[in-house]
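Here is the structure we will look at.
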Amino acid sequence: GLVQCGQCSRSFSALSFLFDEWPSGEAHRPASGPDATLPILNSAVNNDTDKDDISSESGKPDSSPVNPRQLAWVLATGLLALLTLAHIAWTFRQPLLENPRVSSWIKQGDSVEAEQQGLLKDPQKIQLVSRDMHTHPTRSGILVLSLTFVSLAQRTQEFPDLEVTLMDAANQPVAQRRLQPVDYLRPGADVETGLAADVYLPVLLELGDPGDQAVGFEIRFL
């Protein structure tokens, strides 16, 4: 007569609950003993309650769903805080950059990044700011080329090679020369340091004049 419930796995004696007519009072009291436990009546109705009790007794946390509205408020608050910090940093960027401690941190971070990643090589990130070519005021047969360029890369990159091409009236090349960094930087400059970001570099060159055919010029960074 010992049976086990298929839902709660509790065991009880089914013989203790058999009767021909509806009992009255204590006529059919369940038998006593370790195996005589009360069955769960209306298990289909109390199934959810039993599961909650078992979950609570086992110490498992309640996995109730998160309120989407609360989650949206949390995300919006975090985003607003980040935007506020970014706005404050941008507004007071000049005093921060002038602070010696902040400036030393930035320089140290740039040096560490350069050591870890090496110098960048991206001529597409170099922008020509100004350029001018004219004849030398005191020396004949000499052209003076002055230009300024800046690196728009996120970190320090190698000094580029300059390709100067003199063009005729038909926009055809008359003369061309490729200059390495040692050719256009000042004497004694350290080429290995690289070109830092957002630094405007002026260059002044003297070139041989190919004659009256050269009426224009083109500059490329390689």
Side-chain angles (χ1 to χ4, degrees), residues 75-136 139 142-168 170-210 214-222:
L75 295 178
T77 303
L79 180 60
L80 182 61
L82 292 177
L83 291 177
T84 303
L85 293 176
H87 179 71
I88 293 175
W90 177 258
T91 303
F92 299 98
R93 65 187 184 280
Q94 192 62 31
L96 290 175
L97 292 177
E98 294 176 355
N99 188 298
R101 180 174 299 179
V102 176
S103 179
S104 63
W105 287 345
I106 294 177
K107 292 180 180 179
Q108 184 178 2
D110 292 341
S111 61
V112 172
E113 183 179 7
E115 292 177 359
Q116 293 178 350
Q117 302 181 2
L119 296 179
L120 180 67
K121 181 66 174 180
D122 189 2
Q124 301 296 331
K125 295 293 184 179
I126 299 178
Q127 181 179 355
L128 186 63
V129 179
S130 63
R131 63 177 186 172
D132 179 70
M133 180 177 288
H134 55 273
T135 58
H136 199 282
R139 300 172 58 187
I142 299 297
L143 295 176
V144 178
L145 173 63
S146 60
L147 56 96
T148 303
F149 58 88
V150 61
S151 174
L152 302 180
Q154 297 296 327
R155 58 188 180 91
T156 303
Q157 66 168 319
E158 299 179 3
F159 287 102
D161 291 350
L162 297 181
E163 185 183 75
V164 182
T165 305
L166 301 181
M167 318 291 290
D168 59 9
N171 204 25
Q172 296 297 321
V174 176
Q176 187 179 77
R177 182 179 178 184
R178 179 166 179 169
L179 303 174
Q180 296 182 352
V182 294
D183 298 325
Y184 62 81
L185 293 177
R186 69 179 186 275
D190 189 3
V191 182
E192 301 298 330
T193 58
L195 179 61
D198 298 330
V199 173
Y200 291 83
L201 180 64
V203 175
L204 185 65
L205 300 172
E206 293 183 354
L207 305 174
D209 191 354
V215 296
F217 65 96
E218 182 183 58
I219 299 175
R220 292 179 55 199
F221 300 101
L222 304 175

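Excluded from the calculations below are hydrogen atoms, water molecules and symmetry mates; all remaining heavy atoms, backbone and side chain alike, are included.
Annotation: side chain of L185 is in contact with side chain of L201 (closest heavy-atom distance under 4.5 Å). Counting heavy atoms from C-beta on, the side chains of M133 and L166 come closer than 4.5 Å. Between V203 and S146, the closest side-chain pair of non-hydrogen atoms is not below 4.5 Å. No side-chain heavy atom of F149 sits under 4.5 Å from any side-chain heavy atom of V129. Between L79 and L83, some side-chain heavy-atom pair lies under the 4.5 Å cut-off. Between T135 and L143, the closest side-chain pair of non-hydrogen atoms falls below 4.5 Å. You'll find the side chain of F221 reaches within 4.5 Å of the side chain of L162, heavy atoms only. Between S130 and T148, the closest side-chain pair of non-hydrogen atoms falls below 4.5 Å.
With rounding to the nearest 0.5 angstrom, the CG atom of L119 is 5.5 Å from the CD atom of E158. Considering CZ of R178 and CG of L222, their distance stands at 4.5 Å, rounded to 0.5 Å. Rounded to the nearest 0.5 angstrom, E206 CD and H136 NE2 are separated by 4.5 Å. Atom-to-atom distance recorded for L80:CG and H87:NE2 is 11.5 Å, nearest 0.5 angstrom. Rounding to the nearest 0.5 Å places NZ of K125 at 12.0 Å from CZ of R155. Taking CG of D198 as the start and CG of L152 as the end, the distance is 7.0 Å to the nearest 0.5 Å.
The only option from T165, L179, L145 that meets the side-chain contact (heavy atoms from CB on, under 4.5 Å) definition with I219 turns out to be L145.
Across all their heavy atoms, A196 and T156 have their closest contact at CA-OG1, 3.8 Å. Residue F159 comes nearest to T193 through the heavy atom pair CE1-OG1, 4.3 Å, listed as atom of the first residue, atom of the second, then distance. Taking each heavy atom of P160 and P181 in turn, the nearest pair found is O-CG, 3.9 Å. Taking all atoms of both residues into account, the shortest heavy-atom contact from P210 to A214 is CG-CB, 3.7 Å. The minimum heavy-atom distance between K121 and Q157, with the atom names listed, is C-OE1, 4.0 Å. Here the shortest heavy-atom pairing between L195 and V199 reads CD1-O, 4.2 Å.
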